[in-house]
Amino acid sequence: MPHNANNPSRKTWLEISEQTDFPIQNIPFGVFITKDYIVTIGTRIGDYVIDLGALHQLGYFDGIDLSDAVFLQDSLNDFISEGKKTWRLVRNRISDIFEINNPRLQENSKHKAASIFKIEDVEMQLPVDIGDYTDFYASKEHATNVGSLFRDPKNALLPNWLHLPVGYHGRSSSIICSGTPVIRPKGQSKPNESGVPGFGPSKLLDFELEMAFITTDANALGTPVPIEEAEDYIFGLVLFNDWSARDIQAWEYVPLGPFLGKSFASTISPWIVTLDALEPFRVEGPNQEPQPLPYLQHGENKSFDINLQVAIKPENQDETVVCNSNFKYMYWSMAQQLAHHTVNGCNIRSGDMMGSGTISGPTKDAYGSMLELSWRGQHPLKLNDGSERKFIKDHDTVIMRAYAQKNGVRIGFGECSGKVLPAL
Ligand code: MN
C-alpha cells in the first residue's frame with residue numbers, strides 16, 4: 001500500500017507555519033478534550049487539531065472498515081489493535097481530506113466547525129492506555145558512561161551488553177502526559193559511616209532523554225515475533241523523559257535493577273508519530289561487533305535519523321539547551337528490542353510501550369542525562385541565567401524536542417515537558 005501521506009510535495013489548505021513539526025506529511029495520533037469536555041481521538045496539522053470522531057460520524061472515512069466508535073474513545077488502543085493496514089488507510093485518507101486541491105471539507109464550513117479546533121483550545125491527554133512498559137538500555141555511549149561512573153572505565157560494559165538489548169520492566173501507572181508537573185520523590189539513599197540509610201527528598205533528580213515506541217497486539221503467548229516482522233507491530237513513537245532519582249537508584253538497584261528511583265513519574269509527548277511517517281528517515285545503525293545471535297540479525301536501515309534536544313528552563317527565566325543527540329545513535333534497533341522481548345514467548349499487546357533507554361551521542365554535548373552531562377556533579381552546567389546545575393532543581397522545567405528533516409519535510413514530535421515541584 002503506497003504512503004500517499006508521505007508525498008513531500010503535498011500541501012494543505014489549512015494555514016500552517018513552514019517550521020511546524022506537524023506538516024500534512026506527519027499526521028500523528030493523539031487524544032484530547034475539547035472546551036465542551038468531549039474526549040476524542042485526533043490528529044494535528046500545524047496548530048490545528050482535528051477531531052477524527054467527528055469526521056468519522058460525518059462520513060469522511062467511508063469505505064474503510066472501522067467500527068462507529070473507534071475514534072470516540074479516551075485512548076488509541078482499539079484503533080491501534082486494527083493493525084498496520086488500517087493505520088495506513090486512515091492516515092492516507094486524512095492526508096487526502098486536507099490536501100489543498102480537495103474541496104470536500106475545505107468548502108463545508110459546518111463540518112469544519114464541528115471537526116477542527118485550535119491547539120490552544122484543547123487539552124492533550126495520554127494517547128494510550130499503557131498496559132505494560134519496558135525500558136531498554138540501548139545506547140552504547142550511555143551504558144559506557146554510566147558503567148564508567150559507577151564501576152570501572154576499563155570494564156564499563158557488562159559482559160551481556162553487546163549480546164542482547166538489556167532492559168527491565170517499568171511501571172505504567174505513573175506514565176504522564178507532557179505538561180503534568182512532577183513532584184520530587186522521597187526515598188532512601190546510601191548510608192554514611194553510621195550505617196543508617198539517608199531518607200528524604202531526592203537530591204540528585206535527573207532526566208533521561210529517550211524515545212519510546214507503542215506496539216499493537218503482536219503475538220500469542222509462547223510465540224516469538226521474528227525480527228523481520230517486528231516493525232509491523234510498531235504503531236509509532238513518542239518522546240520520553242524517564243525521570244530518575246540517582247541517589248535513590250544507586251542505593252536500591254542491586255541486585256534486581258531500577259525500582260522507586262524511576263517509578264515516581266515518566267513523561268511522554270502527547271502525539272504518537274507513526275513509524276510510517278518516519279519511513280523517509282531510515283538510516284543504518286551503528287556497526288554491531290560482535291555479530292548478534294541469528295534471532296537478532298536483520299536487514300539494513302532499521303535505525304531512524306531523528307534529532308533530539310533537551311532544554312532546562314528555570315522558573316521565570318529563558319531556557320538553556322543542554323543536550324543535542326540523535327535517535328540513530330541507539331545501538332540496538334527497535335526491531336531487535338521487540339524480537340528480543342518476545343524470544344521467550346512473552347506476548348506484546350496493543351498500547352504497550354518500550355523505552356529506548358537514555359540516548360547519548362559520542363560527544364559531551366550529546367549526553368542524554370545530567371548524570372553524564374555534569375559527570376556526576378563534577379562539572380556543573382552553566383545556564384543562560386548564570387546559575388549552575390549538577391542535577392534538576394525544584395521549579396525547573398525540562399523540555400525535550402525531536403524532529404526529523406529531509407527533502408524539505410520536517411516531521412516533529414512537539415514537546416515533552418515537565419516542571420519539577422518540591423517534595424511533599
Ligand atoms: Mn531509562
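Not measured: the values here are computed from a predicted model. As the structure lists them, so they are numbered: ligands from 1, and atoms in each ligand from 1.
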>> Quick one: does any side-chain atom of Asn407 pair with a main-chain N or O of Val409 as donor and acceptor, under 3.5 Å?
In response: no

> Where do Phe240 and Met353 land on the side-chain contact (heavy atoms from CB on, under 4.5 Å) test, with the steps shown first?
Replying inline: CA-CA 10 Å; Phe240 177 40; Met353 185 177 111; 3.7 Å; yes

>> Looking only at N, O or S atoms, which one in Glu208 sits nearest to the Mn ion (ligand 1)?
In response: OE1

> With the Mn ion (ligand 1) as the point of reference, which N/O/S atom of Asp135 is the closest?
Replying inline: OD2

> Only one of Arg389, Lys419, Arg184 clears salt bridge (Lys or Arg N to Asp or Glu O under 4.0 Å) with Asp396; which?
Replying inline: Arg389

>> Which atom name does Asp242 have for its N/O/S atom nearest to the Mn ion (ligand 1)?
In response: OD2

> Which N/O/S atom belongs to Glu210 and is the closest one to the Mn ion (ligand 1)?
Replying inline: OE2

>> Can a donor-acceptor pair be found, under 3.5 Å and without considering hydrogens, that links the side chain of Trp161 to the backbone of Tyr137?
In response: yes

